[in-house]
Protein chains: 2
Amino acid sequence: MFPQIAARNQPASNRTARNVTSPAPPLASGADVDSLAQRIALMGATMSYARDTEIFGENEPADYLYKVVKGTVRTYKVLKDGRRQIGGFYLPGDIFGLEFADKHTLSADTITDARVLVVKLSALAALAEREAAIGRELHALTARELRRVQERILLLVKSAQERVASFLLEMAERVATADAIELPMSRQDIAEYLGLTIETVSRTLSALESAAAIEVPTSRRIVLRNRPALNRMHG
Amino acid sequence: MFPQIAARNQPASNRTARNVTSPAPPLASGADVDSLAQRIALMGATMSYARDTEIFGENEPADYLYKVVKGTVRTYKVLKDGRRQIGGFYLPGDIFGLEFADKHTLSADTITDARVLVVKLSALAALAEREAAIGRELHALTARELRRVQERILLLVKSAQERVASFLLEMAERVATADAIELPMSRQDIAEYLGLTIETVSRTLSALESAAAIEVPTSRRIVLRNRPALNRMHG
DNA sequence: CGATGCGTTGATAACTTTCAAATTTAGTGG
DNA sequence: CCACTAAATTTGAAAGTTATCAACGCATCG
């Protein structure tokens, strides 16, 4: 089930130190809710995972809620034909694993080395019984996730250029320092997120660079040079 | 963006089983959770709409929850470039309008003449305060909707043939008498739901007919002749 | 009837994928 | 730290898929 969790559990001193201060991660994208975040910090255990490590798999029991403290996590589903569709990328501050079903419908693994806060859902549910606010915040979390997925649907019916432009703008909101984006994920990951091939993503980025909309100094670093143009593509 | 709440009925077997054991209103048969359905029936007002009538528009306050009693409703969003993306089709028993935001992110209108049960969300929320079961059922509704939208994402990254095959199988579960599907929506609606053009939908249906997977006696009536083949396409 | 809207079919163009190869980057062992 | 190998990314050419533009059939309705 969660072999990694037991194996990689951090010493109590580490957890305590981190939990006492409960600092907002610098890159937090606002996908959490304050008091819920605090509850999780108090109730949860922090786990460390190496790069490319599975956190949970499809069809495993969904007994925990996860919050990224450091690093990047992706959720995905492997289709029958072997292709992989990425459900989402989760950055520090983001919560994932909340699927409202007994079993996970997606798998989750780390893209980079990562620290993740883990809370038993049953504990949260018990808390929600006593404090209505917690229940409302879980609800708000779900609502946000639903809107996020619905946005993706609008994205997936558009052209490759529109998808890539939208992706860059989304990431800019989440991880950008000024106009420079440091991407934690590979071209393959981006392609699987956008429903394109890696070649099309690469070509589209090259075209955007030729059009002076962006700069790509290294493959993992992208600088937005013309946001209005990207916004127009984003539609 | 896409509001479609629990657009799906339960599998036919469940519907049948539930109807046998519970005296539900004739057309509001158990497409959702029983007690919630009953509450809505008791609290709500039934509205009648002619074909092609708007029920609510994007950006209007989302103060009500809707349940289709008779007819078919679609939700949609008009993109900046004028294209229209359909969020979902709602058949008798389906609930829509639950968007977890102050304002609707989609519009809803009728595809056929329709009767719709309307309940004030504030009334439901008040009820949920006193009865935890109601809150849980609203929650379950959301969960189902989230899974439905995620399914849709998997659909939209596939080929035209896969999308059409999946659409037919989905509709077969929802409206089929045996293997004959009576479609309430136009080719244009189907195209906008699947993110394709009307010509591609039409050609794909013709191809499926040539391949003896389906029959199309009239444009609104489709008979499934080879479900295993469709299932293989559906992936 | 003749107009109108919907659906189908055809021809062509545009876009994306596939297959292949070149290039750059990253990782590893010496 | 360098050299070497493997992996990731980019680029090119060709094939495949879907969209666009256009024409036609068919049914409905005034």
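Chain letters run A, B, ... following the sequence lines, proteins first and then strands; every chain starts at 1.
Relative to the side chain of S159(A), the nucleotides dG7(C), dT16(C), dA19(D) differ in distance, and dT16(C) lies closest. Residue R203(B) places its side chain closer to dA11(C) than to any other of dA11(C), dT17(C), dT10(D). In this structure, the nucleotide among dA19(D), dT16(C), dT9(D) sitting nearest to the side chain of T197(B) is dA19(D). The side chain of R187(A) lies closest to dT9(D) when the candidates are dC19(C), dT9(D), dT9(C). The side chain of T200(A) lies closest to dT17(C), out of dT17(C), dT9(C), dT9(D).
Contact annotation for R220(B): backbone-only contact, meaning every heavy-atom pair under 4.0 Å involves sugar-phosphate atoms and none involves a base.
At a threshold of 4.5 Å between non-hydrogen side-chain atoms, the residues L106(A) and Q150(B) count as touching.
Residues A108(A) and F96(A) approach most closely at CB-CE1, 4.0 Å, considering heavy atoms.
Nearer to the 5' terminus of DNA chain C, by closest-nucleotide assignment, is the contact made by L205(B) (compared with the other of Q161(A) and L205(B)). For the pair V201(A) and P217(A), nearest-nucleotide mapping onto DNA chain C gives the more 5' position to V201(A).
Using a 4.0 Å cut-off between a side-chain N of Lys or Arg and a carboxylate O of Asp or Glu, K67(A) and D94(A) do not qualify as a salt bridge.
Distance L183(B) CG to dC6(C) C1': 14 Å, rounded to the nearest Å. The CD atom of Q188(B) sits 8 Å away from the P atom of dG7(C) (whole-angstrom rounding).
Atoms CZ and CG, on F167(A) and L194(A) in that order, are 6.0 Å from each other to the nearest 0.5 Å.
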